[in-house]
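One structure is given here, and the rest of the page talks about it.
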Amino acid sequence: MPETSWRVAEADDPRLAEAILRAVGADADRIAWIRAGAIATIAEVPADADAARRFQTMLELAYLVASADGFAPAERVSLAALLERMTGAAVDHAALELHFRDLDDAVAALGRRERLARAAAELGDDAGEAIGLVAIVALADGHLGAPELEALIELGRHVGIGADRIRSLAEAAVTRVGAQLR
Amino acid sequence: MTYINHLAKEINCKIVYYGPGLCGKTANLQHIFETTRQDAKGKMISLATDTERTLFFDFLPIDLGSVRGYKVRFHLYTVPGQVFYDASRKLVLRGADGLIFVADSQPSRAEANVESVENLATNLADQGQDLAKMAYVIQYNKRDMPEIASVEELRAQLNPLGVPEYEAAAKNGMGVFETLKGLSRVVLTRLATP
């Protein structure tokens, strides 16, 4: 049976956020688009609407995957803090925590499966890359469990990526963060 | 349940099209989707399992302006009218800010219309909601068909609450936006009322 659950660290491990940031930051282009998207999102009139949409899609997917097995207050705080650092503080953690509450409401009103399908529809040719990033971000509490993997697999279904490939993307995310922790 | 996306500065409203099978709910959605600017809408999404099916998309109606500085995004949802999709219909009503009941104007569909509007009231009541308190309008669709009931007959059968009503032929777009705008006015008035 293939693995469906991984733990890279305890949730309160002080090295965890740094390890995830280094795993994400290994790709300079990725950090650049995340920051550009964050800046475009908070602008009164976004100079780059596509970048804003891409960033918001990444945020929503990270939320949907991370909250697949519930979303404890501590997990919200650590994910918001991680995303704040990832955006170069373009969006602060309070705004991100508020955004998670907004997404709670979105899921309640519009449906979790529906929101996942809606966000998936925004992914383009780089859907595999986006899913890999979401898997890394979902490790903000040190754990990627079966419900989160299921959410990633469901996301993959929407963009035509099979379960085996999703599992290997999740394993790669775990390996990359794990390597930064060693 | 309107929800606010503070980051995107958007107020999000869920509008549900309800009605019997083949009454033209999907035709309403398709017409709005096809005539909305590309950059103002999301993709049309169909989610289906063995027992559930939902069709939806969201868009920013340009002509609605903003409410307290926030853009308004509408999420239009529908579910199949067939009886065996009742679980889907219940689910889709959850969190609805506004309802459009699409009736088929043909006399042969009178019974199906009545059953469906009763089913709507029952499914809302199961969730502790009252149709009379919802933002709600009725569309008498298929006015272009050769045999149709009069608006007075349809009103007597389907609109005891006296909510706003619109005639339409959704297949060719007639009345589709008028209906949505009519409901939007009700929804936005509620939003703007503190």
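A note on names: the letters A, B, ... follow the listed sequences, proteins ahead of strands, and every chain is numbered from 1.
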Practice task
Quick one: pull up CG in Asp92(A) and CG in Leu83(A) and give me the separation to the nearest 0.5 Å.
Solution key: 12.0 Å

Exercise for the section: Among Arg143(B), Arg155(B), Lys142(B), find the residue that satisfies the salt bridge (Lys or Arg N to Asp or Glu O under 4.0 Å) test when tested with Glu167(B). Expected result: Arg143(B)

Handout entry: Evaluation steps, salt bridge (Lys or Arg N to Asp or Glu O under 4.0 Å), between Arg73(B) and Glu10(B)
Key = CA-CA 6 Å; Arg73(B) 182 179 290 276; Glu10(B) 286 178 0; 2.8 Å; yes

Practice task
Check whether Ile45(B) gets within reach of chain A through its side chain, its backbone, both or neither, counting any heavy atom under 4.5 Å.
Solution key: side chain

Practice task
Please confirm whether Lys41(B) makes a cation-pi placement over Phe33(B), using NZ or CZ under 6.0 Å from the six-membered ring centre and within 45° of the ring normal.
Solution key: yes

Handout entry: Leu98(A) portion near chain B, given a 4.5 angstrom heavy-atom threshold
Key = side chain

Exercise for the section: Taking only Lys NZ, Arg NE, NH1 and NH2, and the carboxylate oxygens of Asp or Glu, determine whether Arg76(A) and Asp104(A) approach each other closer than 4.0 Å. Expected result: yes

Problem - Atom pair CG/CD1 of Asn159(B) and Ile138(B) - distance to nearest 0.5 Å - result: 3.5 Å

Exercise for the section: Output yes when a side-chain donor or acceptor of Asp105(A) lies under 3.5 Å from a complementary backbone atom of Tyr3(B), and no otherwise. Expected result: no

Practice task
Using non-hydrogen atoms and a 4.5 Å limit, figure out which bit of Phe57(B) sits close to chain A: side chain, backbone, both or neither.
Solution key: neither

Practice task
Against chain B, work out which of His99(A), Arg113(A), Glu114(A), Gln56(A) has the most heavy-atom pairs shorter than 4.5 Å and name it.
Solution key: Glu114(A)

Handout entry: Residues Glu122(A), Arg54(A): salt bridge by 4.0 Å N-O rule
Key = no

Practice task
Find the distance between CZ (Arg101(A)) and CZ (Phe71(A)) and round it off to the nearest 0.5 Å.
Solution key: 11.5 Å

Practice task
May I ask you to list the residues in residues 141-165 of chain A that approach chain B closer than 4.5 angstrom, counting heavy atoms only, ordered by number?
Solution key: His158(A)

Practice task
Could you grab the distance from atom OH of Tyr18(B) to atom SG of Cys23(B), nearest 0.5 Å is fine?
Solution key: 11.0 Å

Practice task
For Arg85(A) and Leu21(A), indicate whether the former's side chain and the latter's backbone hold a donor-acceptor pair under 3.5 Å.
Solution key: no

Handout entry: Leu103(A) versus chain B, the contacting section by heavy-atom distance below 4.5 Å
Key = neither

Problem - Where Ser184(B) and Phe74(B) come nearest, the two heavy atoms and their spacing - result: OG-CE1, 3.3 Å

Handout entry: Toward chain A, the part of Asn5(B) with a non-hydrogen atom under 4.5 Å
Key = both

Handout entry: Sorted by number, residues from residues 89-127 of chain B in contact with chain A (heavy atoms, under 4.5 Å)
Key = Arg94(B), Gly95(B)

Problem - Residue part contacting chain B, namely of Arg118(A), when any heavy atom lies under 4.5 Å - result: both

Exercise for the section: Enter the distance from Leu82(A):CG to Leu16(A):CG here, rounded to the nearest 0.5 Å. Expected result: 8.0 Å

Problem - Residue His6(B) versus chain A: region with a heavy atom under 4.5 Å - result: both

Problem - Test item: Phe56(B) and Leu76(B) side chains (from C-beta on) under 4.5 Å apart, heavy atoms - result: no

Exercise for the section: Determine the option with the most heavy-atom pairs under 4.5 angstrom with chain B, choosing from Ala109(A), Ala95(A), Gly111(A). Expected result: Ala109(A)

Fill in the blank from the handout: Applying a strict 4.5 Å limit to non-hydrogen atoms, the region of Ala43(A) in contact with chain B is backbone

